[in-house]
Every structure is written in C-alpha cells, then in structure tokens.
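What follows is one structure encoded as structure tokens, with my remarks underneath.
By convention here, the first residue in the shown sequence is residue 1.
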Amino acid sequence: MSCSCVPRSAIRPASSTTIWSASRGETDPANRRSTLLLITARGEEVYEQARQARREVARELFGGLSQEQRETLRELLGTVEQA
C-alpha cells in the first residue's frame with residue numbers, strides 16, 4: 001500500500017471526491033495536522049487501468065518508430081526537460 005503525506009488544506013473540495021474514492025485518509029501520527037492518503041484496493045485497480053491505457057497510447061504513438069528513433073526521442077525529451 002502506498003501513502004503520501006498531504007496537508008488537509010491542500011485538498012480542494014472539487015478534487016476530494018476523486019481522491020477519497022480511491023484512497024482512505026488517516027491522521028499522520030508524526031504530524032497530526034496532516035493526513036496520510038492510503039491507496040485502497042479500488043485505487044490500485046484504477047491505477048492499473050490508467051497504466052495500461054498509457055501503455056496502449058504509447059504503443060499507438062511510438063509503435064512506428066524504430067528502436068534507434070525511440071532512443072533518440074527519449075534523449076531529446078530528456079534534454080528538453082532539463083532546459
């Protein structure tokens with residue numbers, strides 16, 4: 001199970017429905033002003049579905065590139081990210 005420490009003030013009402021449906025919150029014993037978000041079994045399912053969808057999109061977008069072209073693209077994107 002993954003967890004992340006998030007201040008209660010960082011969770012906006014509009015996003016809280018999505019967050020809480022895939023996680024459960026517990027008060028952080030080390031910092032009672034923070035909430036630990038623990039991913040539920042449903043959250044793990046949603047994560048896996050999103051991961052699979054991302055892989056499918058990547059295959060569609062980059063499937064026509066050779067291995068060398070994919071490596072070049074990866075290097076170029078790394079350079080852009082560092083700029």
Side-chain angles (χ1 to χ4, degrees):
M1 214 184 277
S2 302
C3 77
S4 177
C5 185
V6 178
R8 292 176 200 267
S9 61
I11 300 174
R12 295 186 309 254
S15 64
S16 64
T17 302
T18 303
I19 291 171
W20 295 120
S21 67
S23 64
R24 63 183 171 84
E26 292 181 4
T27 301
D28 182 356
N31 180 351
R32 310 247 347 128
R33 293 174 294 162
S34 296
T35 299
L36 297 174
L37 294 180
L38 305 172
I39 297 174
T40 62
R42 175 66 183 138
E44 293 284 348
E45 291 173 14
V46 170
Y47 171 76
E48 187 58 36
Q49 290 170 358
R51 200 171 104 174
Q52 289 296 332
R54 184 195 58 80
R55 283 184 179 160
E56 290 175 23
V57 169
R59 273 193 287 272
E60 288 177 24
L61 289 173
F62 307 115
L65 298 177
S66 69
Q67 181 63 33
E68 182 180 347
Q69 289 171 321
R70 285 193 297 269
E71 289 173 15
T72 300
L73 178 59
R74 192 174 297 118
E75 289 173 16
L76 290 170
L77 291 173
T79 301
V80 169
E81 182 180 34
Q82 293 174 1

> Which residue pairs pass the side-chain hydrogen bond (donor to acceptor under 3.5 Å, both in side chains) test when at least one of the two sits in residues 72-83, sequence neighbours left out?
Replying inline: none
> Would you say Tyr47 and Ile39 make side-chain contact, with heavy atoms under 4.5 Å?
Replying inline: no
> Given the rule that I, L, V, M, F, W and Y join up when any side-chain heavy atoms are under 4.5 Å apart, are Val57 and Leu65 in one cluster?
Replying inline: yes
> What's the shortest heavy-atom distance between Leu37 and Gly25, and which atoms?
Replying inline: CD2-CA, 4.3 Å
>> The criterion is salt bridge (charged side-chain N to carboxylate O under 4.0 Å, His left out); which residues satisfy it with Glu45, sequence neighbours excluded?
In response: Arg42
>> Working to the nearest 0.5 angstrom, can you tell me the gap between Thr40 OG1 and Arg24 CZ?
In response: 8.5 Å
>> Starting from Leu76, can I reach Leu61 by hopping between I/L/V/M/F/W/Y residues whose side chains sit under 4.5 Å apart?
In response: no
>> For Glu48, give me all partners under side-chain hydrogen bond (donor to acceptor under 3.5 Å, both in side chains), at least two apart in sequence or on another chain.
In response: Gln52
>> Can you tell me how far apart CZ (Arg54) and CD (Gln49) are? Round to the nearest 0.5 Å.
In response: 15.0 Å
> Is Val80 linked to Leu73 within one hydrophobic cluster, defined over Ile, Leu, Val, Met, Phe, Trp and Tyr using a side-chain heavy-atom separation of less than 4.5 Å?
Replying inline: no
> Would the number of heavy atoms belonging to other residues, nucleotides or ligands and lying under 6.0 Å from CD of Gln67 be above 12?
Replying inline: yes
